[in-house]
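Remember, it's 1-based here, ligands and their atoms both numbered in the order they're listed. All residue numbers in this chain count up from 1 along the given sequence.
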Amino acid sequence: MDPDVHSRKILVTGGAGFIGSHACVALIGAGYLPVVLDSLANGNIHALHRIADITGVAPDLVRCDIRDAAALAELFKAHRFGGVLHLAGLKAVGETVADPLSYYEVNMAGTLALVRAMGNAGVRALVFSSSATVYGANARSPIPEDAPYAAVNPYGRTKAMVETMLADLVQSDDRWHVACLRFFNPVGAHESGLIGEHPHGRPNNLMPYLSQVAIGSRSHLVVHGTDYATADGTGVRDYVHVMDVAEGHVAALRHVAREPGILMVNLGTGRGASVLEVISSFERASGRSIAVHVGPRRPGDAPAYWADASLAEARLGWRARRGLDEMCVDSWRWQMRNPWGFDGSAPTARNAEPSAH
Ligand code: UDP
């Protein structure tokens with residue numbers, strides 16, 4: 001083993017999920033060796049096989065729950081990690097209101113268990129996947145990182161609480177190096193079409209829903225409100241390509257390798273797009289027309305928000321490089337190649353026989 005291998009080995013919690021799998025591809029591309037911890041509750045074993053198809057490197061999978069302190073202790077004994085990307089967590093917004101305790105358990109207690117295990121093992125470089133939901137619905141766009149916490153649901157509050165806990169930790173012990181990445185709306189897929197997002201059941205989010213309408217598995221898209229005070233009346237969001245987000249993780253990892261303390265930083269493009277703009281970009285990408293019904297506003301939805309993306313550029317040297325059309329083209333390629341997600345098709349030989357390893 002070369003002497004540098006320890007600092008190149010990175011633990012990726014939630015590495016079999018949508019953003020985690022793309023982060024693994026970006027890590028491998030940058031010369032790191034990801035080891036994935038995933039319960040596979042939402043992540044998918046096929047994603048890891050596909051990472052191997054894309055990169056030629058198959059990340060090891062440790063299948064366990066992030067709250068399992070004994071398994072974490074074992075894991076940190078078995079490997080010497082140069083740092084941790086922590087993406088494991090629950091994120092379905094509908095469910096978070098109905099079942100808040102599960103969110104606090106997995107997102108809060110899970111991070112607590114992870115950070116304890118890291119501290120015990122002397123690994124103190126952490127990149128945490130947070131979310132722009134910490135800002136709530138009323139922040140003024142472009143939203144800077146010093147906007148106050150104002151999350152409107154338990155999910156967003158768990159993210160804000162974890163950030164606060166990490167800030168307290170860093171305050172108490174200056175050996176920690178932490179970055180909290182506040183994602184705006186990650187969409188798209190790796191350009192190979194081999195990994196992407198396939199939510200269980202009916203999608204909540206715009207892009208997967210749109211993809212499923214275009215492929216014909218859903219009849220139409222409901223636009224949630226056309227009476228907002230935006231240019232065309234529909235909601236505006238900062239959609240950011242998942243490979244840009246993945247590359248943001250690599251940039252953040254390099255940052256925490258250099259700098260102690262804690263950095264809260266937005267990952268967005270700094271530009272908003274309306275629902276109608278996304279629909280027309282997707283129609284161009286797919287060459288299909290999307291049936292649309294106009295519905296009422298979705299409760300709890302903000303009219304419009306997008307990131308102030310300047311801090312990421314200044315501190316991480318990162319900015320989003322891919323635009324909305326590329327996001328739609330890549331989402332569509334993934335959807336076409338995998339109409340039923342990972343489980344329904346086997347575009348590569350490696351995926352023909354699903355098996356845990
Ligand atoms: N949206 C929509 N129809 C859908 C899903 C979403 O019109 O089936 C709208 C939603 O009201 C918002 C935008 O698309 O303005 C992005 O919604 P998404 O759920 O993807 O992200 P979030 O609201 O969590 O930022």
Side-chain angles (χ1 to χ4, degrees), residues 18-19 89-97 103 129-139 141-143 147 150-160 181-189 196-215 217-242 245 266-283 290-307 309 320 324 327-328 330-332 334-335:
F18 171 47
I19 298 170
L90 298 180
K91 61 160 191 177
V93 166
E95 183 185 276
T96 181
V97 178
Y103 275 72
S129 287
S130 188
S131 164
T133 55
V134 299
Y135 298 122
N138 296 319
S141 294
I143 307 176
V152 294
N153 58 46
Y155 164 69
R157 282 190 282 274
T158 65
K159 292 290 180 188
L181 305 182
R182 294 174 177 166
F183 308 159
F184 277 69
N185 288 56
V187 297
E197 181 176 25
H198 189 80
H200 296 307
R202 196 185 187 81
N204 282 313
N205 297 115
L206 178 62
M207 192 66 90
Y209 208 103
L210 204 44
S211 307
Q212 292 191 12
V213 174
I215 201 84
S217 50
R218 310 222 169 247
S219 61
H220 62 274
L221 176 84
V222 177
V223 176
H224 296 316
T226 52
D227 58 350
Y228 286 110
T230 58
D232 63 21
T234 64
V236 168
R237 295 290 184 274
D238 188 338
Y239 299 95
V240 51
H241 197 293
V242 64
V245 172
N266 291 335
L267 289 191
T269 62
R271 283 180 302 279
S274 73
V275 175
L276 296 185
E277 284 173 309
V278 177
I279 294 171
S280 64
S281 174
F282 205 93
E283 288 185 326
I290 307 286
V292 165
H293 294 188
V294 172
R297 294 181 179 191
R298 192 169 62 176
D301 260 3
Y305 64 84
W306 58 94
L324 182 60
M327 299 178 211
C328 292
D330 290 339
S331 286
W332 178 239
W334 152 256
Q335 183 68 57

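- Remark: F282 engages W332 in a ring-ring contact (aromatic ring centres under 6.0 Å, His included) (not counting sequence neighbours).
- Side-chain atoms of H241 and D330 form a donor-acceptor pair, as typed in the model, at a separation below 3.5 Å.
- Residue contact check: L221 has heavy atoms under 4.0 Å from atoms 8 (O) of ligand 1.
- Distances from ligand 1 to the non-hydrogen atoms of Y239 include at least one value under 4.0 Å.
- Summarising the local packing, CZ of R218 is surrounded by more than 12 heavy atoms from other residues, nucleotides or ligands at distances under 6.0 Å.
- For ligand 1 and V223, the ligand atoms under 4.0 Å from any heavy atom of the residue are 7 (O).
- Between the side chains of Y239 and R271, not a single donor N or O lies within less than 3.5 Å of an accepting N or O.
- Atoms of ligand 1 lying under 4.0 Å from at least one heavy atom of N204, given by number and element, are 5 (C), 19 (O).
- With rounding to the nearest 0.5 angstrom, the OG1 atom of T234 is 7.5 Å from the CD1 atom of I279.
- Of the heavy atoms in V275, only side-chain atoms (C-beta onward) come closer than 4.0 Å to ligand 1.
- Contacts of R237 with ligand 1, taken as heavy-atom pairs under 4.0 Å, involve the side chain alone.
- Atoms CZ and OG1, from F183 and T133 in turn, are 11.0 Å apart once rounded to the nearest 0.5 Å.
- For ligand 1, the atoms closer than 4.0 angstrom to any heavy atom of N185 are 21 (O), 22 (P), 25 (O).
- The number of heavy atoms from other shown groups lying within 6.0 Å of CG (N138) does not exceed 12.
- Heavy-atom contacts of V222 reach the following atoms of ligand 1: 2 (C), 3 (N), 4 (C), 7 (O), 8 (O) (cutoff under 4.0 Å).
- Contacts with ligand 1 closer than 4.0 Å are made by side-chain heavy atoms of D301 only, the backbone lying farther away.
- Residue Y305 places a heavy atom under 4.0 Å from ligand 1.
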